[in-house]
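Read the structure below first, then the notes.
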Amino acid sequence: MSRVTRFAARDPGPAARMAGFMAHLRANGLRLGASETQAALEALTCVDAWNADDCCRALKAVCAGSADDAARFGDLFDSFWRNGGRVSSKAVPVPSPDMSSVHSSRETKGEDRSSGGKASAPDGGGGAAETGGEGKLAAVATRNLMKQDLRDLVQKEDIAAAETVARRLGAALRDRRARRRKASRKGRGLHLRKVIRSSLPTGGEPLRLYRKTRPDRPVKIVAICDVSGSMTLYARVFLAFLAGLMRADPASDAYLFHTRLVRITDALRDKDALRALGRLSVMAEGFGGGSKIGASLDHFSRSYARRFVDGRTAVLILSDGYDTDPPELLGAALARLRKRGCRIIWLNPMKGWAGYEPIARGMAAALPHLDLFSAANRLEDLAALEPELARL
Amino acid sequence: MAVHLALALGRPLLLEGAAGVGKTEVARVLAAVLNTQLIRLQCYEGLDAAQAIYEWNYQRQLLAIRAAAEDGETGRAVESRIFSEEFLLERPLLKAIRQETPPVLLIDEIDRADEEFEAYLLEVLSEFQISVPELGTISATSRPVVILTANGTRDLSDALRRRCLYAHADYPDPAAELAILQVRCAGIEDRLARQIIGFVQALRKEDLEKIPGIAETLDFAAALMGLGVADLTHDPHQLQAALAALLKTQSDRANITTEVAQRLAGRAA
């Protein structure tokens, strides 16, 4: 077991330290408020507080809210209480820690999980000094600097324009093939069953006529956007499109990938469009780096797809198909995705170029599994897709 | 640990995990250990307050009105009589908070219910009281131990997560699963039990669409015992037949061929 963090001797006591720990968790993307601090202290009274493992498990039950949180919690706990990420800095009772950090926790929510507190983070140094007693790790602070700010890339007007495009695309994708009819006020056919049933009180004379119609079956859109180096040029359009899509259609779902896949749906649903992009910037660490399309889609088809992709889903992949993974992986991933009954649409910005052939090996492997392979590098191009999507 | 805290703090416990890792069983066992009643609310899409909380017994109310009309009772008297507890049908949530001794309330697969229902649940879980417009607010006579389970059909709201303690249940490690198997299948031979656990654990690492849970392991063990198998490696055909208890999709069956199964069984033995 590692050493226990030595707190400064004039620390005010366990409550303040717990508040410090909560701030540390918030800084790493967990959503916690004052009531959790209280619950955590209460929880510690119920277990053997000398046993660090018991404490860790108890706090985990209180603080973690999802499987991801639970998986990271051990590291976060170690980094604060066991001298992993910082040297003995004082646990300052921040005057109103909750009010001041609620805001920041929203911004950093969904922080890339590997950058969460790690026991291997460099000790001491600037990070700990700067952030005082909040236990924010040096590693977190420096990585933030390396990230590119997506807000520089995307303007507010873009998002508004993208929203309208996304809304129209969504409408175009609506599946109208429902076979079963539903009773409705207006409609083509008569709802005979209802008519006859309601004719009984009038002695079998069908006085009131009821109608039935074919209901609209909305299609969910799942958009997966490539933000690797080769796509940087187009990222602006696509990210605006994703932001617009998320805001226009509550059932849709969005992901980013470069070398890893990140789900960004929740971040993008933030009411403030620009703040949404701010949160996204934090998540899109590695933006503009290499691309592992095969591995990312493979991960997608095994994890998220099980929950979010079904026969009434259209998967939009926005990528140029330049992959560093073997093409077979991409082909297999798409085949697996395909089996879930969804339609797969690949929008490739390169296809708009004269003389483009899908010779990138990844692209060639993907082609047989696609329902639509089309060009898109401006918002107008995306809008022009509408009739083609309607045909699908 | 999470269960201990849920009991000590009196907070609801949210259990998440893949299908078949024994989330529901936690509640059942907890009820048995506490020697109290288990009240179960199975959630499904379209579950509404009338099914989950309370409902008026309309038929009895109608009959009562008829009878009252013949007896010449006044309207006001009838009204106050038919909206009394006599005509109230208890559904699981109401039932749970009106018990004498604190029961275990299991809200199963909460993620299948609609978001509206989830929002309604928030009031019940934090205040432990239910308001019936005609009767007023009914507060809990005893605070039930609430266990919610979810397996990720959809994301739960942050508000609900905040009110609960959280625990993620994963597939058990070999030692724990062996212990479960030995308790649940009492007559099983030690060697076969070890083989089964080794086999199932190896199988979970294979590329499967539907990963078998503990319930499947138990079925598998029962199937093997029923077939009279004493050693997994002896008869490939019987092993393949017993796999029906573990593999539930066609492509999984196709993936785990006789050779693969034999290889896994050989390694487990």
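The chains referred to below are lettered A, B, ... by the order of the sequence lines, with proteins before strands, and numbering in each begins at 1.
- In this view, B:T36 satisfies the side-chain hydrogen bond (donor to acceptor under 3.5 Å, both in side chains) rule with no residue, not counting sequence neighbours.
- Only the side chain of A:E36 has a heavy atom closer than 4.5 Å to any heavy atom of chain B.
- In this structure, the ring of B:F220 has its center less than 6.0 angstrom from the ring center of B:F199.
- The backbone N or O of B:L14 lies less than 3.5 Å from no partner atom in the side chain of B:K23, so there is not a single donor-acceptor pair.
- Within the 4.5 angstrom heavy-atom criterion, only backbone atoms of B:L208 (N, CA, C, O) approach chain A.
- With respect to chain B, the highest number of heavy-atom pairs below 4.5 Å among A:S35, A:C63, A:A43, A:A70 belongs to A:A43.
- Ring geometry for A:Y304 against A:F308 counts as parallel: the plane angle stays under 30°, on a 0 to 90° scale with 60° as the upper cut.
- Scanning all heavy atoms of the two residues, the minimum distance from A:A61 to B:L5 falls at CB-CD1, 4.1 Å.
- Not counting sequence neighbours, B:Q99 has no partner by the side-chain hydrogen bond (donor to acceptor under 3.5 Å, both in side chains) test.
- For A:A71, no part sits under 4.5 Å from any heavy atom of chain B, backbone or side chain.
- In this structure B:S142 satisfies the side-chain hydrogen bond (donor to acceptor under 3.5 Å, both in side chains) test with no other residue, sequence neighbours excluded.
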Test B:T217 against B:R204 for side-chain contact (heavy atoms from CB on, under 4.5 Å), laying out the working first.
CA-CA 11 Å; B:T217 308; B:R204 288 199 185 119; 3.5 Å; yes
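- Using a 4.5 Å cut-off between non-hydrogen atoms, the part of residues 330-340 of chain A that approaches chain B consists of A:R336, A:K339.
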